[in-house]
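Working notes, structure below.
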Amino acid sequence: MYEAALPALMVLLAWPAPLYLVLGTLLGLLFGILPGLGGPQVLALLLPITYGMDTNLAIVLLVGAMSSIAFGGSIPAILINTPGTPQSAATCFDGFPLAQQGKAGMAIGAAATASCLGAIFGAVILTILLPVGRYVVLAFSYPEYFMLALMGLSVIAVVSKGSLWKGLIAACLGLILSTIGYDPVTGSVRYTFGSDYLWDGIRLVPAFIGLFAIGEAIDLFLGRGKIAQSPYTGRIGGIFKGIKAVFHHFGLFIRCSVIGTLVGIIPGVGGAVTNFLAYGHAAQASKNQEGFGKGDIRGVIAPEAANDSKDGGALVPTLLFGIPGSLEMAVFLGAMIVLGLEPGPRMMLDRPEVVLVLIYTLVAGNILVAIIGIFGAGVLVRLTYVPAALLAPVIFTLGLMGAYLTHELLADVIIALIFGVLAFAMKRFDFSRIAVVIALVLGGLAQKTFHQTLLLSGYKGFFIRPISLGLFIITIAMIAFPYVRSRLRSRGEKRP
Amino acid sequence: MAIITGKKWLKFMCLSLAIIASIWILTMSEATAQSTFPSKTITYVIPTSPGGGFDTFSRMLIPYLRKYLPGNPNIIIKNAPGGEWKIGINKMYRAKPDGHTIGILNMPANALPQVLGEAKYDLRKATWLGNIDDVTYVTALSLKSKYKTLEELKNAPMVTSGTVGLASTAGLGTVLAAERMGIKMKYIPHSGSTEAILAGIRGDVDWVQYPFSTLKKSIVDSKDLIPVWVYSKKRIDQIPNVPTIAELGYPDLVNVVKMLRPVAAPPGLPDDIRRTWQDAFWKATNDPEFQKKQIAANASPLPMKQQELDDMVEAAIKLLEQYKEVILKHRK
């Protein structure tokens with residue numbers, strides 16, 4: 001495969017490939033920014049254009065679009081507390097408070113840098129790991145999936161510090177909501193009230209739009225002023241401070257990129273989970289947790305590094321087994337079949353140059369979008385200085401349109417509105433929305449894999465496998481660590 | 001009553017505008033239809049997410065449908081996943097019968113809700129336009145499985161299988177085959193075929209049963225799974241050593257474990273439009289270039305005409321009625 005390295009690079013550099021790369025990246029960025037639209041939609045839109053196109057150029061166009069989705073989704077997450085895609089939801093937690101403090105430039109700078117470097121990290125790991133990737137993919141079975149979900153849920157303890165009880169209530173609400181729908185394992189249908197729509201449970205996109213965009217719009221309406229609390233000075237600073245912050249927290253960046261790549265490699269966990277795991281890691285492993293949720297730059301770097309490095313990881317099962325590691329990859333696999341390629345184990349032997357073009361484009365697209373992000377930040381940040389009376393209706397309309405656009409179901413719009421009111425009430429009474437989101441995302445995965453483990457090997461199944469047991473111990477340690485540390489510290493202070 | 005003035009008024013106006021704009025956008029798609037066909041963009045409903053066989057082969061077919069329809073109309077795809085196909089099928093079934101909305105189905109599985117009395121549609125009433133392909137299923141065993149042959153499977157105390165619920169054609173086929181052959185089986189459900197296949201590769205389950213096109217990369221290219229038999233009358237060229245289920249003594253299962261990908265329009269489609277569609281569909285699915293692409297993707301083209309389509313629907317409903325008790329037993 002490696003002997004095709006140079007020819008593949010030439011493919012990417014030869015005209016008109018760079019043009020396709022730019023077009024793809026810009027379109028992906030736009031789809032990422034718009035809530036409700038994301039990777040699957042942009043690929044479906046581009047697919048008819050690629051009929052009869054040269055295979056390599058088609059790949060450059062499609063992968064270019066795919067590469068910029070994640071960063072695109074983070075821009076509205078930071079500026080208006082509305083994740084453009086579910087993968088960027090965790091970026092809201094600290095990105096938006098930064099914007100409120102007038103530091104949106106710093107957040108975007110950090111997000112762009114972390115995304116770009118994260119993607120490069122993922123691609124490098126992909127190239128190195130392909131020979132042994134097989135073992136990583138096969139090492140994770142149902143109990144390990146369950147433990148990963150549990151680890152993600154344990155993050156709630158850290159992020160809802162205000163009141164543990166309110167955090168738990170919010171988490172339980174999220175878990176209950178995640179049980180709605182048809183459960184494939186037990187074959188039962190729960191809380192659907194006879195509607196076909198609810199068979200699939202609460203869909204993440206309308207729920208996120210409600211919890212973030214609609215909730216925020218209502219709040220903006222009732223409050224006064226602008227998103228940014230500081231006066232507009234006409235100069236947008238902090239972008240380079242954001243870039244520097246990534247290097248200042250380089251250890252964290254690397255750890256989160258590893259988390260992203262690993263979760264990407266494991267098929268079935270999904271991109272929506274990656275950013276929460278990374279965010280949780282950042283919050284739990286840091287010494288001073290007080291700033292998290294209130295505008296800590298580390299809370300932006302962590303999910304951004306993870307959600308871009310996961311793309312490289314997701315290619316490992318795709319290339320080794322022909323099994324997609326994420327929803328985007330599933331659509332992309334379909335696209336490759338339509339292009340006449342056969343994705344899977346034979347591809348690396350038969351068409352190594354295509355594989356490499358794919359990896360290069362992923363990296364190039366991410367670098368390009370980061371540059372666009374850094375230079376465009378100045379204009380974008382002004383959005384946070386627009387008066388609420390003007391901004392709120394736009395957010396409201398865009399949010400509802402986004403909820404409708406994904407599947408063109410009116411029920412999605414209703415869900416978004418219900419969650420919007422819920423989010424507003426939660427904000428008023430100081431409940432953690434983050435806890436609801438995390439529980440809603442992970443509840444389904446935890447439930448399914450719990451059942452699967454029980455069916456296959458009973459309760460002992462969780463503890464007889466080394467990786468599963470290891471993850472369990474790490475989770476317990478992560479929950480206990482802050483308490484133990486504060487206990488030790490207070491003991492240390494008492495001692496003269 | 002308080003008079004709304006100044007900034008409050010502005011807020012009020014902006015909110016009203018936003019609501020009006022949203023309603024306008026939501027209703028925009030209900031544009032007025034004309035009686036001629038085709039007079040506007042055609043919507044092709046796929047009741048699954050993008051990616052996967054139904055989506056992929058539909059996208060492959062669409063340029064050819066355009067080519068053979070009068071006036072080469074635009075055809076756009078609407079993925080409407082959810083509710084085990086019911087959302088997408090209802091979307092097609094309840095659309096205006098003017099030929100501008102069609103949808104792909106998964107047969108025989110989509111007849112199951114109807115047989116169980118859970119469906120809001122009647123497949124016998126839908127207007128069937130054509131069929132894309134005939135999907136041949138293969139049973140494959142994990143490399144780590146203790147069982148290697150049909151005899152061993154029959155005598156096994158419990159065989160585990162990876163399925164995607166029992167309402168999918170693949171899941172149904174596994175239940176029916178195991179029941180017919182007297183294999184004691186435990187079903188471990190997954191949320192997608194890829195997860196189930198991966199469980200087979202890992203060795204968590206013994207048995208996976210999926211279309212040849214889906215399993216080919218695992219049984220031919222990487223040899224992560226061992227194919228044991230195919231559900232077809234003759235052997236598959238790429239795996240010549242694998243016997244058919246008929247050779248193993250169950251020729252009846254060939255007609256039970258299989259899947260078709262037909263396309264239908266809402267009930268009550270006017271006859272002239274139906275003929276235009278069926279004609280275009282027949283030509284498109286017989287186009288040598290399209291069939292070449294299908295075969296390259298390991299599919300077996302099977303164009304169908306009116307009578308065959310009607311027979312297919314009838315056969316699917318009869319088959320599932322026959323096995324209704326077995327299915328209900330596993331569904332709880």
Side-chain angles (χ1 to χ4, degrees), chain A residues 40-41 43-44 47-48 51 137-138 140-142 182 184-188 196-200 203 221 267-268 317 320-324 327 329-335 337-338 340 342-346 388-390 392-394 396-397 400-401 404 407-410 413 448 451-452 455-456, chain B residues 7 10-11 14-15 17-19 21-22 25-26 29 49-53 55-56 59-60 62-63 77-84 86-87 90 120 160 164-166 186-192 194-195 197-199 201-205 216-218 221-222 224 293 296-298 330-332:
Chain A
Q41 287 83 12
L43 290 181
L47 204 53
Y51 291 138
V137 174
L138 295 183
F140 283 76
S141 179
Y142 320 119
Y182 175 69
V185 181
T186 60
S188 48
D196 287 344
Y197 171 79
L198 284 175
W199 267 56
D200 296 286
R203 296 181 197 236
F221 253 119
L320 288 174
F321 297 99
I323 283 170
L327 183 62
M329 279 300 157
V331 184
F332 185 62
L333 277 183
I337 294 172
V338 175
E342 198 177 351
R346 286 215 60 81
L390 296 175
V394 177
F396 200 78
T397 316
L400 291 188
M401 261 174 66
Y404 183 67
H407 293 301
E408 298 193 11
L409 287 171
L410 207 55
V413 181
K448 184 183 75 185
H451 274 304
Q452 286 171 331
L455 267 174
L456 199 68
Chain B
K7 276 202 167 165
L10 184 67
K11 275 191 191 178
C14 287
L15 181 63
L17 273 177
I19 291 169
S22 324
I25 286 161
L26 296 186
S29 54
S49 304
D55 187 71
T56 305
R59 287 177 197 276
M60 208 181 256
I62 277 176
I77 281 182
K78 281 272 167 298
N79 292 96
E84 295 204 317
K86 282 187 273 183
I87 288 177
N90 283 331
K120 293 174 185 150
T160 51
V164 185
L166 302 183
K186 185 155 135 194
Y187 303 93
I188 312 283
H190 296 75
S191 38
T194 51
E195 281 179 37
I197 293 167
L198 199 60
I201 296 176
R202 280 199 306 262
D204 287 342
V205 296
K216 191 229 166 200
K217 54 206 169 215
S218 311
D221 301 339
S222 65
D224 284 318
K293 279 191 185 175
N298 302 304
H330 289 290
R331 268 199 121 176
K332 276 171 237 165

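Atoms considered below: every heavy atom in the structure, side chains included; atoms not considered: hydrogens, waters and symmetry mates. Just so it is clear: chains get the letters A, B, ... in the order the sequence lines come, proteins before strands, and each one is counted from 1.
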Task: A/Tyr142 and B/Glu195: CA distance, side-chain angles, deciding distance, side chain to side chain contact (heavy atoms under 4.5 Å, CB included) verdict - done: CA-CA 10 Å; A/Tyr142 320 119; B/Glu195 281 179 37; over 6 Å; no

Between [X] and [Y], is any pair of side-chain heavy atoms under 4.5 Å apart?
X        : Y        : result
A/Val137 : B/Ile201 : no
B/Asp204 : A/Leu456 : yes
B/Pro189 : A/Leu455 : yes

Max heavy-atom pair count under 4.5 Å with chain A, selected residue of [options]:
options                              : answer
B/Ala296, B/Ser218, B/Pro63, B/Gly53 : B/Pro63
B/Lys86, B/Lys216, B/Lys293, B/Met60 : B/Lys86
B/Asn298, B/Leu198, B/Asp55          : B/Leu198
B/Ser222, B/Ala199, B/Pro81          : B/Pro81

Open item on the list: Taking B/Lys186's backbone N and O only, do any of them form a donor-acceptor pair with B/Thr160's side chain (distance below 3.5 Å, no angle check)?
Closed with: no

Open item on the list: Counting only non-hydrogen atoms closer than 4.5 Å, does A/Phe140 touch chain B with its backbone (N, CA, C, O), its side chain (CB onward), both, or neither?
Closed with: backbone

